[in-house]
Amino acid sequence: MRTSHTLIPTLREDPGEAEIASHRLLLRAGMIRKVAAGIYTYLPLGLRVLRKIEAIVREEMNRSGAQEVLMPIAAPAELWRETGRWDFYGKELLRFKDRHERDFCLGPTHEELITDLIRRDVRSYRQLPLNCYQIQTKFRDEIRPRFGLMRGREFIMKDAYSFDRDEAGAKISYQKMYDAYSRIFTRCGLTFRAVEADTGLIGGTSSHEFMVLADTGEETIVYAEGGTYAANVERAETLPPAETSSDAPRPLRKVPTPGTRSVEEVTAFLKVSPAQLVKTILYQSSKDLVAVLVRGDHEVNEVKVKKLLGVAALELADPARVTAATGAPVGFAGPIGLRQVRIIADHAVKTLRNVVVGSNEANAHYVDANCDRDFAVEQFADLRNAQAGDPSPKGDGPLRLARGIEVGHVFMLGTKYSKAMNAMFLDPEGKECLAVMGCYGIGVSRVAAAAIEQHHDAKGMLWPIPIAPFHVHLLPLSQSAAVSATAQTLYETLSQAGAEVLWDDRDERAGVKFNDADLIGAPYQLVIGEKGLAQGTVELKERKTGTVKKMAPGDVLAQAREWLGL
RNA sequence: CGGGGCGUAGCGCAGCCCGGUAGCGCGCCUGCUUUGGGAGCAGGAUGUCGGAGGUUCAAAUCCUCUCGCCCCGACCA
């Protein structure tokens, strides 16, 4: 493809709105342009990358036995009401009415639509198992879209849904997808890790997320150093401390702690370690007010709290509610004498003796408080985030933290949707059974962004060959007849051999071409200049390493074949 | 939704505090020269100063409202 008539509007300067590498470089290289917050147009180069990723996804999905379908983006509310998600999904679900005032939404995911299809057309166990997938635009009205393609509102997703006769079959389907995903991300040239994950709004029984490891990732993952355990921090289990403190309980005392609200302030004032304090955090759930107790050096894991309480929504109680419930300003809440509020606590709280807690009175805390003796806890559970150094729940070493970009997520759904929507089939005995489902997503556009986060340098992108917009960037440095003729010949030779060549035929100076080529990041650059040509050579340069090989034009094909694996 | 910031030429920004009718760099167009890492000279085009209202003789600048965008937070008491 020639650049002179291709829309590749590269930018010389960094766009002000972009913070992270992928966003900045996608804009600068003229691959995407913003239309609204979290909504982008893909230009020719950006689209080529997406198509490459899609092709790999398609190949591996087909190889795994899944079949491609295409569902609509607009879905009628009725289907979403059947599963209850019309109310449950919240504001991320973009809703609208058609001209007849009927409710519709833009699909953020397609369990309802696919289940509706299958319940109509799959009646017999003979038709199962079945796995249908699509590659399609999704819309989620994110609270805060950011980082370009990383968290858009409109984005491209591959979503697949499997239907099996029973749990055992569903497990096989799940494993097939897990394996396909591993092949897909490997082929895309990504360093990734599959981790245990929370199922979130999709629901279901278990899931794994595929995380591309990158410091700019929005997710925190924990993994056992040298072991196999790996999980999203939302999900990662923490073990209760092995031993209960053997300290003898001391009498409860109330002490003045003027103006100390935070753990740091209180512990510094009382000269105790944060691990000797229990903080009391008040949450407003969709049902009632709940006090969550965790050790001073721990963090509440809201996902775990939500699960324990069986509620969908949970937020910190606002200061007015805290004061109403505790009788004290925010910062002095404690479990002792706290009435009409459910009190739940992290396991670690149970093993502590003689702790500091809030007194529900301004400017005072209790010291030497002991649970059971001084306050009652309704339920103990794992309610905190895992931290670096915690023991792995699998016992395979201490946990470490890392950042990741979630590019894929596989779920065992069980019968959540088939039950809600009555997706039944007849088994060999003629009995009606619920299909056991799984669902599997890949953020196609996010994969592109993740690849850049992992593969770039100060000058631009460093695309892995399988997803690069082009393999070779052909850079004739002058408009002379000899240079042009050589460029023409090499373009044809390489193209015929299956190499994808971007031919910079613009009348630009060498520096401009080099900089644009480095920015766009094709794995190889083929430089043709007057000087080299006078000596009978052209240069083939590896973008990533900067390694330059001078060779006769006739030797380029063989070298390119070797490097590109053609 | 809360906090902060920003909307001025295609892009990046200055001008705003202290009101007087808009500027710089890059890009774009023309010509000449130049031609291996973002060329030089000369000439040129481009702005409802995000929008609406208000104050004023006069508003990019002050006031009010509004829309959009970016960042942080929406998690620790």
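Note on naming: letters A, B, ... go to the chains in the order of the sequence lines (proteins, then strands), and numbering restarts at 1 for each one.
- Checked against rC76(B), rC71(B), rA77(B), the side chain of E19(A) finds its nearest nucleotide in rC71(B).
- Annotation: cation-pi pair R543(A)/W463(A) absent, no NZ/CZ under 6.0 Å from the ring centroid and within 45° of its normal.
- What separates CZ of R146(A) from P of rC70(B) is a distance of 11 Å, to the nearest Å.
- Across the strands present, rC32(B) finds its partner in rG40(B); the criterion is a Watson-Crick or G-U wobble pair with both atom distances under 3.5 angstrom.
- The nucleotide whose nearest atom lies closest to any side-chain atom of V294(A) is, among rC76(B), rC70(B), rA77(B), rC76(B).
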Checklist outcome for this item: Quick tally for nucleotides 31-45 of chain B: nucleotides whose base has a protein heavy atom under 4.0 Å get B, sugar-phosphate-only ones S, the rest -, giving ---B-BBBB------
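- Within 4.0 Å of V322(A), counting heavy atoms only, lies at least one base atom of the nucleic acid.
- Closest contact between the side chain of K34(A) and the listed nucleotides rC70(B), rC1(B), rA77(B) involves rC70(B).
- Atom CD in E315(A) sits about 18 Å away from atom P in rA77(B), given to the nearest Å.
- If you take CG of D14(A) and P of rC70(B), they are 16 Å apart, rounded to a whole angstrom.
- The separation between L27(A) atom CG and rC70(B) atom P is 11 Å, rounded to whole Å.
- The phosphate of rA77(B) (OP1 or OP2) has a side-chain N or O of K279(A) nearer than 4.0 angstrom.
- Pairing for rC6(B) is with rG68(B), a Watson-Crick or G-U wobble pair whose two hydrogen-bonding atom distances lie under 3.5 Å.
- Within 4.0 Å (heavy atoms only), L475(A) reaches no atom of the nucleic acid at all.
- Pair assignment for rG53(B) gives rC63(B), based on Watson-Crick or G-U wobble hydrogen-bonding distances that are each under 3.5 Å.
- Between the CZ atom of R24(A) and the P atom of rC71(B) there is a distance of 14 Å, rounded to whole Å.
- Heavy atoms from other residues, nucleotides or ligands lying under 6.0 Å from CD of Q559(A) number more than 12.
- Remark: the separation of the C1' atoms in rU66(B) and rG47(B) is 22 Å, to the nearest Å.
- Using a 4.0 Å heavy-atom distance criterion, E302(A) is classed as a sugar-phosphate-only contact.
- Relative to the side chain of V300(A), the nucleotides rC76(B), rC69(B), rG25(B) differ in distance, and rC76(B) lies closest.
- Candidate nucleotides rC76(B), rC11(B), rA77(B) were compared by shortest atom distance to the side chain of E13(A), and rC11(B) ranks first.
- Contacts classified as salt bridge (charged side-chain N to carboxylate O under 4.0 Å, His left out) and involving residues 29-45 of chain A (residues at least two apart or in different chains) are given here: E17(A)-K34(A).
- Within 4.0 Å (heavy atoms only), A36(A) reaches sugar-phosphate atoms of the nucleic acid but no base atom.
- Nucleotide rG73(B) has rC1(B) as its partner under the Watson-Crick or G-U criteria, with both atom distances under 3.5 Å.
- Distance R321(A) CZ to rC76(B) P: 18 Å, rounded to the nearest Å.
- Judged as a side chain to side chain contact (heavy atoms under 4.5 Å, CB included), and not counting sequence neighbours, the contacts of D390(A) are T238(A), R384(A), A386(A), Q387(A), L399(A).
- In the displayed structure, K307(A) atom NZ is contacted under 6.0 Å by more than 12 heavy atoms of other residues, nucleotides or ligands.
- As the counterpart of rG25(B), rC11(B) is assigned, both hydrogen-bonding distances of the Watson-Crick or G-U wobble pattern falling under 3.5 Å.
- Ring geometry for W503(A) versus Y491(A): interplanar angle of 30 to 60°, hence tilted.
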